[in-house]
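Following: one structure in structure tokens, then a few remarks.
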Amino acid sequence: MLEVSEVGNKVGKKEFAAAIPDLRVGLINAQYDLREADFPVIIWIAGDDRLAANELVNRLNEWMDSRFADTRVFAEPTDEEYQRPHLWRLWRSLPPKGRSAFFVGGLMRAAIQRATGEIDEPEFSIWLRHITNMQAQLVADGALILKFFLHTPAKEQRKKLKKAEKDPHAGWQVDQRDWAALDSLGPVLPIAERILRESSGPGAPWTIVESTNSRYRDLTVARTILAALTARLTEKPRRYGPALAESVFGDFDAEANVLSGVDLTQALTHGEYRAQLAKEQARLKKLSIEARSRGVSSILAFEGWDAAGKGGVIRRITGAMEAGDYRVIPVSAPTEEERNYHYLWRFWRDLPPAGKVVIFDRTWYGRVLVERLEGFASPSEWQRAFDEINDFEAQMVEQGYYVAKFWLHISPEEQLARFKAREQTAYKKHKITEEDYRNRDKWDHYVTAVDQKILRTTSDRARWHVIAANNKRFARVATLRAINKGLARTLRER
């Protein structure tokens with residue numbers, strides 16, 4: 001694949017100088033037009049020639065307005081990055097709508113790790129699948145992704161490195177890393193070619209650029225960026241892909257009936273509650289300390305009906321842990337900033353470091369619940385979200401996180417009674433709005449959506465726990481018991 005690009009493309013000095021003025025104007029104008037657009041631009045620069053990548057990125061930052069193009073270099077992960085899933089640093093580096101970002105490196109590092117056996121074939125294949133899934137998600141969400149692999153034949157690289165070392169003005173750019181990378185190219189390049197093949201997809205293909213001649217390289221990449229950005233800015237408003245018919249889920253989902261099978265009569269007396277709560281909290285305290293010492297992170301995700309008692313359950317969980325070990329993140333409608341990113345971005349950024357616990361009060365499942373039923377997400381958006389969410393949670397599990405998801409279930413009658421009670425309680429009045437009552441009219445639609453959600457996003461390592469919550473005491477103890485069982489299992493298997 002890479003050898004095909006070795007055809008000796010060159011651009012002379014005069015042609016290069018003549019092309020620059022108009023090219024720079026075009027790039028700057030496109031950047032300013034992009035500021036008013038509803039999509040981000042990701043420009044990924046990778047290759048087998050580190051010096052070429054550095055030179056190209058510096059050139060692009062010279063020709064473009066660097067105030068509106070962030071540069072993210074993915075070298076060896078930091079300690080903070082090692083504690084999260086592999087793609088955490090990519091998600092945190094995404095540009096918002098109206099801006100662009102250069103993603104530099106990363107690909108050859110992965111190829112080297114596989115060639116040296118630092119990562120095995122199953123782990124490498126999983127990483128590659130997640131990369132491919134991520135770019136597909138971003139493309140579907142509207143991002144413009146441009147990917148360039150800079151290839152310089154090994155023979156030409158050796159000439160360039162030797163020449164640079166002798167140059168008093170350029171020698172400082174060369175170090176042992178360049179020679180070491182060159183010496184390892186033999187076994188690494190076939191793996192790099194595999195990455196290029198498997199991660200080229202609709203809307204995000206790799207462009208291989210011959211980089212022996214720097215003028216040809218720089219003009220080719222810059223012109224490609226300008227052409228793609230101009231085309232995207234002038235095309236008609238993007239239409240969502242065709243929606244899947246509701247019936248494609250029909251028969252399978254119809255058999256789920258998850259919520260209808262929950263026994264809402266389950267309850268605890270005050271005496272039973274006090275004894276069992278103390279027992280489960282004591283166990284959670286012990287397990288959370290062990291998890292912290294062993295670097296095992298936890299994600300606890302809470303969903304449920306309005307007034308189902310999520311806050312009370314969460315307080316009993318946090319009451320059993322040391323204050324510095326957890327964060328509770330209440331999730332509401334996305335802010336103006338958050339709407340400029342893929343909907344999963346705000347959840348990726350809050351994943352915990354090693355040994356810590358993050359509790360989400362409402363979650364990424366809003367895409368397939370309230371956003372679906374209130375019309376904030378198009379059919380194509382919420383339907384593809386099931387696969388996106390499964391991929392997101394799989395990466396947490398692969399990192400070693402304990403992941404547990406809870407739906408607190410109550411009856412419509414119990415919800416109404418709690419609404420009325422809240423209206424009579426001074427410190428709870430703020431929890432009730434007209435929207436809460438309006439949502440009750442869609443109860444049956446929410447039941448269907450919840451059943452579908454649980455069916456399509458349950459896995460052995462990211463389980464849904466449907467908790468009968470008509471009795472708050474039972475719900476609190478049942479949730480704690482489920483967390484303790486799951487966390488103990490995760491610790492046992494680590």
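Partner of Phe102 under the side-chain contact (heavy atoms from CB on, under 4.5 Å) criterion, chosen from Val41, Asp70, Asn61, Leu146: Asn61. Of the candidates Glu303, Lys405, Lys453, Glu371, Tyr365 forms a side-chain hydrogen bond (donor to acceptor under 3.5 Å, both in side chains) with just one, namely Lys405.
Within a 6.0 Å radius of CD in Glu36, no more than 12 heavy atoms belonging to other residues, nucleotides or ligands are found. Atom NZ of Lys442 sits in a crowded spot, with more than 12 heavy atoms from other residues, nucleotides or ligands closer than 6.0 Å. Around NZ of Lys97, the count of heavy atoms belonging to other residues, nucleotides or ligands within 6.0 Å exceeds 12. Within 6.0 Å of the CZ atom in Arg109, the count of heavy atoms belonging to other residues, nucleotides or ligands exceeds 12.
Checking side-chain atoms of Gln157 against main-chain N and O of Thr152 turns up a donor-acceptor pair under 3.5 Å. Between the Ser200 side chain and the Trp206 main chain, a donor and an acceptor come within less than 3.5 Å of each other. Put simply, the side chain of Asn390 gets close to the backbone of Arg456: a donor and an acceptor are under 3.5 Å apart. Between the side chain of Ser100 and the backbone N or O of Ile42, no donor-acceptor pair lies under 3.5 Å. Gln399 places a side-chain N or O within 3.5 Å of a backbone atom of Tyr82 that can act as its donor or acceptor partner. Judged purely by atom type and a 3.5 angstrom limit, Arg24 uses its side chain to pair as donor or acceptor with the backbone of Glu62. Of the possible donor and acceptor atoms, none in the side chain of Asp391 sits under 3.5 Å from a partner among the backbone N and O of Asp387. Looking at Arg362, its side chain never comes within 3.5 Å of a backbone N or O of Pro330 through a donor-acceptor pair. Using modelled atom types, no side-chain atom of Thr207 and backbone atom of Phe148 make a donor-acceptor pair closer than 3.5 Å. Arg99 places a side-chain N or O within 3.5 Å of a backbone atom of Arg67 that can act as its donor or acceptor partner.
The shortest side-chain heavy-atom distance between Trp127 and Ile195 falls under the 4.5 Å cut-off. A heavy-atom distance below 4.5 Å is found between the side chains of Thr457 and Phe386. The closest side-chain heavy-atom distance from Leu60 to Ile225 is below 4.5 Å. In this structure the side chain of Gln281 never reaches within 4.5 angstrom of the side chain of Arg476, judged on heavy atoms. Using a 4.5 Å cut-off on side-chain heavy atoms (C-beta onward), Arg129 and Glu198 make no contact. Taking the side chain as every heavy atom from C-beta outward, Leu455 and Val258 never approach each other to under 4.5 Å. Counting only heavy atoms from C-beta outward, the side chains of Phe149 and Leu2 approach each other to under 4.5 Å. Side-chain contact between Ile28 and Trp63 is absent, with no heavy atoms from C-beta onward closer than 4.5 Å.
Taking each heavy atom of Ser211 and Leu150 in turn, the nearest pair found is OG-CB, 3.2 Å. Heavy atoms only, all atoms of each residue included: Ala333 and Glu338 are closest at O-OE1, 4.4 Å. Heavy-atom minimum distance, Ser297 versus Ala354: OG-CA, 3.3 Å. Between Glu336 and Asn340, the shortest heavy-atom contact is O-ND2, 3.4 Å. Pairing each heavy atom of Gln135 with each of Ser199, the nearest pair is NE2-O, 2.5 Å. Residues Phe376 and Val370 approach most closely at CD1-O, 4.3 Å, considering heavy atoms.
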side-chain contact (heavy atoms from CB on, under 4.5 Å), that's the test. Do Asp141 and Arg384 meet it? Break it down for me. CA-CA 10 Å; Asp141 198 52; Arg384 68 173 180 262; 4.2 Å; yes
Before giving the answer on side-chain contact (heavy atoms from CB on, under 4.5 Å), spell out for Ile317 and Phe302 the whole-Å C-alpha distance, their side-chain angles and the decisive distance to 0.1 Å. CA-CA 12 Å; Ile317 296 169; Phe302 284 89; 3.4 Å; yes
Tell me, with the steps shown, if Gln452 and Val368 meet side-chain contact (heavy atoms from CB on, under 4.5 Å). CA-CA 9 Å; Gln452 291 179 350; Val368 296; over 6 Å; no
Worked check of salt bridge (Lys or Arg N to Asp or Glu O under 4.0 Å) between Arg372 and Glu381: CA-CA 9 Å; Arg372 165 187 176 178; Glu381 287 178 319; over 6 Å; no
Apply the test side-chain hydrogen bond (donor to acceptor under 3.5 Å, both in side chains) to residues Trp88 and Gln395: give CA-CA distance (whole Å), side-chain angles for both, the deciding distance (0.1 Å), then the verdict. CA-CA 9 Å; Trp88 181 74; Gln395 292 181 68; over 6 Å; no
Trace of the side-chain contact (heavy atoms from CB on, under 4.5 Å) decision for Val331 with Arg346: CA-CA 10 Å; Val331 176; Arg346 61 173 170 161; 3.8 Å; yes
Checking side-chain hydrogen bond (donor to acceptor under 3.5 Å, both in side chains) for the pair Asp79/Gln83: CA distance, chi angles, key distance, verdict? CA-CA 7 Å; Asp79 288 342; Gln83 296 176 42; over 6 Å; no
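Note on ring orientation: taking the six-membered ring where Trp is involved, the planes of Trp348 and Phe392 are tilted (angle from 30° to 60°). Between His465 and Phe406, the two ring planes are parallel [angle under 30°; tilted spans 30° to 60°]. Between Tyr341 and Trp345, the two ring planes are parallel [angle under 30°; tilted spans 30° to 60°].
Side-chain contact annotation: Asn133 with Gln137, donor-acceptor N/O pair under 3.5 Å absent. Judged by distance alone, the side chains of Gln31 and Arg35 never bring a donor and an acceptor atom under 3.5 Å apart. Side-chain contact of Glu388 with Tyr343: a donor-acceptor pair under 3.5 Å is present, judged by distance alone. For the residue pair Asn439/Tyr446, the side-chain donor-acceptor check at 3.5 Å is not satisfied. No hydrogens or angles considered: a donor-acceptor pair under 3.5 Å links the side chains of Arg194 and Ser125.
How far CD of Glu374 is from CG of Leu369: 11.0 Å, rounded to the nearest 0.5 Å. Note that CG of Asp49 and CG of Leu185 are 9.0 Å apart. Values are rounded to the nearest 0.5 Å. Annotation: the span from Arg481 atom CZ to Ile467 atom CD1 amounts to 10.0 Å, rounded to 0.5 Å. From Asp218, atom CG reaches atom CG of Asn213 across 9.0 Å, with rounding to the nearest 0.5 Å. Taken to the nearest 0.5 Å, the CD1 atom of Ile389 stands 6.5 Å off from the CG atom of Leu344. Going from atom CD1 of Ile45 over to atom CG of Leu56 covers 4.5 Å, rounded to the nearest 0.5 Å.
With sequence neighbours excluded, the residues that form a side chain to side chain contact (heavy atoms under 4.5 Å, CB included) with Leu491 are Leu287, Glu290, Ala291, Arg294, Val296, Leu487.
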